[in-house]
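What follows is a set of notes on a single structure, which appears directly below.
Lettering follows sequence order; numbering is per chain, from 1. Since this is a predicted model, take the numbers as computed values, not measurements.
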2 protein chains.
Amino acid sequence: MPERVDHEERRRQIAEALLRIADTDGLQSASMRAVAAEAGVSLRLVQYYFTTKQALLLDALARLGGQLQARMDAWIRAAGTPPTPRSIVTAILSCVLPTDAESRRITRTYAAYYTLVLSDPEVLAQHGTAQPDLLEGFLAKQLRAAQEAGRISPRRDPAIAAAGLLAMVNGLGSSVLGGQRTGEQALAILDRHLDELFDTV
Amino acid sequence: MPERVDHEERRRQIAEALLRIADTDGLQSASMRAVAAEAGVSLRLVQYYFTTKQALLLDALARLGGQLQARMDAWIRAAGTPPTPRSIVTAILSCVLPTDAESRRITRTYAAYYTLVLSDPEVLAQHGTAQPDLLEGFLAKQLRAAQEAGRISPRRDPAIAAAGLLAMVNGLGSSVLGGQRTGEQALAILDRHLDELFDTV
DNA sequence: ATCCTCATGATACATGTGTATCACAGGCAT
DNA sequence: ATGCCTGTGATACACATGTATCATGAGGAT
């Protein structure tokens with residue numbers, strides 16, 4: 001029954017199956033057949049909608065990026081009323097920290113991609129990544145605004161502080177995924193660091 | 001010629017071949033055959049000295065830990081004369097940051113193991129890990145000492161500061177490996193953060 | 001000298017992998 | 001109505017992988 005079908009919808013369905021596997025069992029378990037089974041379709045269909053595995057991996061990665069973006073937008077919008085500079089910054093950072101189920105999923109899945117990118121950097125080239133740099137720039141802008149509002153000491157360099165913050169959040173995320181810490185503990189550590197940053201004394 | 005042979009030496013030779021592959025091509029490329037070829041021995045020998053692949057992976061991981069440990073010891077010993085609290089802390093942190101060839105190698109290889117551990121946590125159980133926690137404790141001790149010497153504000157909590165520092169270094173390391181930053185830039189960011197920490201004003 | 005155990009080689013086996021091919025059914029345009 | 005294009009199934013292929021088996025040569029111990 002070759003009913004004309006919604007390609008985008010099928011692609012989404014398959015790519016999300018891949019992401020689910022990457023989250024639970026890691027990317028090395030995400031074979032074409034496993035993805036097909038998880039998505040409830042035949043192997044042939046996975047091949048049909050994504051001719052090659054690399055294409056599937058890249059498409060799924062892009063979708064993952066979209067999911068993170070959406071989540072960040074939502075958290076920033078919900079950053080208190082009215083939003084203070086610090087509440088915005090906290091929103092940005094705490095939604096890349098694996099605290100709840102979804103952020104845990106996103107973080108784990110990104111981690112699964114991490115080594116892939118490390119061992120095969122040309123993948124990163126094909127993917128229009130730059131996402132971390134964009135995020136860093138956005139965070140730096142927020143810090144600069146907070147600085148101009150007098151909430152951060154003028155001695156600080158916003159770009160450097162943003163880079164350090166993001167690195168810390170990334171590292172805290174790793175430790176949470178590694179089971180050394182709970183998400184709450186990580187958030188507490190982050191908060192103490194923000195105390196130090198947002199301190200004009 | 002079954003000359004009685006030094007088992008430990010052979011094991012080291014093979015395990016280091018595995019680590020070399022993990023560094024350059026990632027752990028997923030470290031098949032038994034690839035390791036054998038890299039070590040210049042036959043597949044059978046890899047099986048002989050490490051009956052199973054998991055055993056090889058674990059042994060190599062332990063050796064990697066030893067290498068990092070040795071490097072840290074050396075850097076701490078070489079932390080200026082006389083060592084200030086800050087120089088010790090800098091030594092600890094900057095030797096887990098991929099700045100030179102060897103630390104880059106160690107960091108990359110650890111990263112290769114990272115997702116493996118994530119997707120298969122029982123490996124971590126078999127490995128007497130705890131290494132990050134030990135490191136964190138040691139760092140916290142140094143910070144506490146610096147605090148008592150009046151080089152760090154008494155308002156700081158050394159344990160939390162240590163956790164944050166280590167997370168930041170970890171995150172900075174990731175960004176260096178990911179090519180977003182050079183090792184020098186990462187070190188500069190870390191240094192600014194240490195400026196902030198070692199500031200009793 | 002005999003035997004046993006250590007070290008090593010060659011090769012086999014079962015399985016999983018990405019990809020390719022063949023087939024075919026139903027809708028759409030002519 | 002005919003023929004082409006789209007969606008889908010079944011299956012094949014070539015290869016890589018971890019592990020197991022068989023074989024064998026060389027010391028050392030008895």
Side-chain angles (χ1 to χ4, degrees), chain A residues 1-22 24-61 112-113 115-117 119-120 122-123 126, chain B residues 1-22 24-61 112-113 115-117 119-120 122-123 126:
Chain A
M1 55 293 269
E3 189 111 3
R4 234 45 149 230
V5 95
D6 184 348
H7 268 221
E8 164 55 22
E9 170 56 19
R10 275 240 184 287
R11 287 170 63 91
R12 195 184 61 79
Q13 174 189 2
I14 294 173
E16 292 196 342
L18 182 272
L19 292 181
R20 235 171 297 138
I21 294 179
T24 57
D25 299 328
L27 267 184
Q28 71 274 79
S29 301
S31 69
M32 291 296 231
R33 287 164 177 85
V35 171
E38 171 76 24
V41 301
S42 75
L43 169 60
R44 181 67 179 82
L45 285 201
V46 180
Q47 287 188 264
Y48 183 70
Y49 291 101
F50 305 89
T51 30
T52 175
K53 185 180 186 181
Q54 168 137 314
L56 171 56
L57 282 169
L58 258 64
D59 185 85
L61 179 55
Y113 270 98
T115 50
L116 181 69
V117 170
S119 62
D120 188 5
E122 84 221 32
V123 171
Q126 296 223 345
Chain B
M1 55 293 268
E3 188 112 2
R4 234 49 150 224
V5 94
D6 184 349
H7 268 222
E8 164 55 23
E9 171 56 20
R10 276 240 182 286
R11 286 171 65 90
R12 195 185 62 79
Q13 174 190 1
I14 295 174
E16 291 195 343
L18 182 274
L19 291 181
R20 236 172 295 138
I21 294 179
T24 57
D25 299 327
L27 267 184
Q28 70 276 74
S29 301
S31 70
M32 292 295 233
R33 286 165 177 85
V35 171
E38 171 76 24
V41 301
S42 76
L43 169 60
R44 180 68 179 86
L45 284 203
V46 180
Q47 288 188 265
Y48 182 70
Y49 290 101
F50 305 89
T51 31
T52 176
K53 184 179 185 181
Q54 168 136 313
L56 171 57
L57 283 170
L58 259 63
D59 185 85
L61 179 55
Y113 270 98
T115 52
L116 181 70
V117 171
S119 63
D120 188 6
E122 84 221 29
V123 171
Q126 296 223 344

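OP1 or OP2 of D:dG9 lies within a sub-4.0 Å distance of a side-chain N or O belonging to A:Ser42. Note on A:Arg4: every side-chain N or O is 4.0 Å or more away from OP1 and OP2 of D:dC5. Between B:Tyr49 and the phosphate of C:dT8, there is a side-chain N or O to OP1/OP2 separation shorter than 4.0 Å. Phosphate contact (OP1/OP2 of D:dT19, side-chain N/O of B:Arg44, threshold under 4.0 Å): absent.
Distance, B:Leu45 CG to D:dT19 P: 16 Å, rounded to whole Å. B:Asp6 places its CG atom 16 Å from the P atom of C:dC6, with the value rounded to the nearest Å.
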task = Please lay out, stage by stage, how B:Leu57 and B:Tyr113 fare under the test side-chain contact (heavy atoms from CB on, under 4.5 Å).
result = CA-CA 9 Å; B:Leu57 283 170; B:Tyr113 270 98; 4.0 Å; yes
task = Step by step, work out the side-chain contact (heavy atoms from CB on, under 4.5 Å) result for A:Val5 and A:Tyr49.
result = CA-CA 11 Å; A:Val5 95; A:Tyr49 291 101; 3.3 Å; yes
key: Residue pair A:Lys53, A:Val35: steps toward the side-chain contact (heavy atoms from CB on, under 4.5 Å) verdict   = CA-CA 10 Å; A:Lys53 185 180 186 181; A:Val35 171; over 6 Å; no
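Comparing D:dT21, C:dC6, D:dT8 against the side chain of B:Tyr48 picks out C:dC6 as the nearest. Taking only side-chain atoms of B:His7, from C-beta outward, the nucleotide of C:dA7, D:dG7, C:dT19 with the closest atom is C:dA7.
Each of B:Arg10 and B:Gln47 was assigned the nucleotide of DNA chain C with the nearest heavy atom; the assignment lying further toward the 5' end belongs to B:Arg10.
Remark: of the listed residues A:Arg11, A:His7, A:Arg12, A:Gln13, A:Arg12 is the sole one forming a side-chain hydrogen bond (donor to acceptor under 3.5 Å, both in side chains) with A:Glu9.
Here B:Arg20 contributes atom CZ and B:Leu18 contributes atom CG; the two are 10.0 Å apart, rounded to the nearest 0.5 Å.
Judged by distance alone, with hydrogens and angles left aside, the side-chain atoms of A:Thr52 form no donor-acceptor pair with the main-chain N or O of A:Ala55 at under 3.5 Å.
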Do any N or O atoms of the protein come closer than 3.5 Å to N or O atoms of nucleotides 14-18 of chain D, and which pairs are they?
| unit_1 | atom_1 | unit_2 | atom_2 | d |
| --- | --- | --- | --- | --- |
| D:dG18 | OP1 | B:Lys53 | NZ | 2.4 |
| D:dG18 | OP2 | B:Met32 | N | 2.8 |
| D:dG18 | N7 | B:Arg33 | NH1 | 2.8 |
| D:dG18 | O6 | B:Arg33 | NH2 | 2.9 |

